[in-house]
There are 2 protein chains.
Amino acid sequence: MHKENPQRASVLQHVSQNVRRLRHAADLSQTALSEKSGVSRRMLVAIEAGEKNVSLSTLDRVAEALDVAFSDLIQAPDVRDHSRINELAWAGEIVGSKAVLLAKATARREVELWEWRLEPGDRYCPDPDLEGWSEQLFVFEGSLTLVIGDQETVIEAGEFFMFASHQPHAYRNDGSAAVRFVRNVVI
Amino acid sequence: MHKENPQRASVLQHVSQNVRRLRHAADLSQTALSEKSGVSRRMLVAIEAGEKNVSLSTLDRVAEALDVAFSDLIQAPDVRDHSRINELAWAGEIVGSKAVLLAKATARREVELWEWRLEPGDRYCPDPDLEGWSEQLFVFEGSLTLVIGDQETVIEAGEFFMFASHQPHAYRNDGSAAVRFVRNVVI
DNA sequence: ACCTATTGAGCAATATAGTGCACAAAGAAA
DNA sequence: TTTCTTTGTGCACTATATTGCTCAATAGGT
């Protein structure tokens with residue numbers, strides 16, 4: 001009649017891993033999370049073991065106590081690959097035509113595509129983004145000096161660079177001509 | 001002792017709206033969806049009314065029957081803005097330095113950043129993407145002819161364009177010099 | 001050794017998700 | 001009108017999520 005609970009739903013496995021991971025990230029014990037969320041510790045054990053079929057509102061209380069979005073608890077925990085690829089994906093019939101996939105990122109919420117132009121000697125020092133954000137830069141004219149922490153990287157025209165933008169960083173043009181680049185901000 | 005069910009969880013409201021919207025989009029009656037998903041019609045009514053606290057596996061069965069991702073059922077239904085912005089967001093101290101936010105998209109799963117180069121006379125005709133995908137193009141050298149359906153658009157160097165890529169489309173270089181552009185694929 | 005914090009698990013009680021049935025209201029098409 | 005489809009609701013029943021209580025096992029720190 002009813003299913004013998006094969007728990008086919010992969011969502012539950014993700015939840016189990018995510019809750020544990022995020023709870024440790026928040027430096028909370030099961031007891032502490034239980035008090036903060038209002039969900040019994042016994043239930044938290046079951047959730048982290050993946051042996052109970054959690055309801056939405058219960059899971060939402062956990063998400064709120066962990067200070068994360070609900071969707072963060074159901075997403076596959078390891079799908080995020082902010083890997084740099086830079087491979088030739090297509091070559092046209094005429095020599096020189098090409099398509100290069102610079103990077104592929106598993107986005108959760110937002111993407112921002114920016115066009116930038118920085119005159120020689122100019123700079124931009126943004127506030128660091130929150131944890132999880134990353135930026136992808138593609139310089140198509142001039143030369144860009146990227147400062148991350150105390151480390152400086154020069155990105156020439158035609159080059160691509162990607163970094164986690166929660167650390168302090170700055171853009172600077174040390175060259176003699178204007179630098180123009182595309183900036184892709186992703187979370 | 002227990003709460004008088006204020007159902008504070010906004011997730012449940014989203015679910016209620018999403019299920020109904022997607023069910024209509026799939027052209028299914030409650031009865032049909034019930035048979036396809038294995039969830040009782042009585043429960044579907046409750047879900048769409050937002051008066052029951054659905055469990056993950058039950059909602060996952062609904063998601064599978066609707067042929068959508070689980071996260072599609074819990075997300076706020078109208079948050080997707082693929083709006084073109086193109087506003088000057090920052091101006092440097094030296095005249096000419098600038099940052100232009102070309103576009104901001106609410107991404108759900110993936111982002112792909114591509115660098116392209118197309119020689120004169122060359123073209124690329126990809127298979128149309130699935131519903132929901134969109135592409136953002138920024139041409140920084142040459143001139144690109146974008147064919148969408150039976151409509152042609154010429155994008156000059158320095159210009160930006162965005163379109164839903166589920167419709168048949170093609171890139172073509174009608175100019176006399178190579179065209180180079182950045183292509184951002186988002187869902 | 002001891003003490004303490006943390007986690008896992010068993011069990012009984014309770015709250016509620018989920019089912020199946022019956023029936024009514026509304027709308028569309030004959 | 002009559003028929004059919006779709007949807008909402010009340011109710012009793014079952015399945016199970018959720019709780020609070022136990023106790024055991026493990027790991028660190030003193």
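Naming: A, B, ... by sequence-line order, numbering from 1 per chain.
Rounding to whole angstrom units, CD of residue A:E35 and P of D:dG20 are separated by 12 Å. We find that CG of A:L59 is positioned 13 Å from C1' of D:dA17, with the value rounded to whole Å. In this structure, the CD1 atom of B:I47 is 15 Å from the P atom of D:dT9, given to the nearest Å. In this entry the distance linking CE of A:M43 with P of C:dG8 reads 14 Å, nearest Å. Atom CD of B:E48 is separated from atom C1' of D:dG8 by 11 Å (rounded to the nearest Å). In this structure, A:L44 atom CG and C:dT6 atom C1' are separated by 13 Å, rounded to whole Å. Residue A:E51 contributes atom CD, which lies 13 Å from atom P of C:dC11 at whole-angstrom precision. As a whole-Å value, the separation of A:R23 CZ from C:dA5 C1' is 12 Å.
Using a 4.0 Å cut-off between charged nitrogen and carboxylate oxygen, B:R172 and B:E152 count as a salt-bridge pair. Taking 4.0 Å as the cut-off between side-chain N and carboxylate O, B:E35 and B:R41 do not count as a salt-bridged pair.
Judged purely by atom type and a 3.5 angstrom limit, A:S37 has no side-chain atom pairing as donor or acceptor with the backbone of A:V62.
The phosphate of C:dT16 has neither OP1 nor OP2 within less than 4.0 Å of any side-chain N or O from A:S55. For the OP1/OP2 pair of D:dT14 and a distance below 4.0 Å, the side-chain nitrogens and oxygens of B:R42 include no atom meeting the criterion. Here A:R61 does not reach the OP1 or OP2 of D:dA17: none of its side-chain N or O atoms lies under 4.0 Å away. Regarding contacts with the backbone of D:dG8, a side-chain N or O of B:Q30 is found under 4.0 angstrom from either OP1 or OP2. The side chain of A:T58 contributes an N or O atom lying less than 4.0 Å from OP1 or OP2 of D:dT18.
Between A:I155 and A:L137, the closest heavy-atom pair is CD1-CD1, 4.1 Å.
Rounding to the nearest 0.5 Å gives a distance of 7.0 Å between OG of A:S55 and CE of A:M43.
Side-chain proximity of A:K52 to D:dT22, D:dA17, D:dC11: nearest is D:dA17.
Taking for each of B:H24 and A:R41 the nucleotide of DNA chain D with the nearest heavy atom, the 5'-most of the two is the partner of B:H24.
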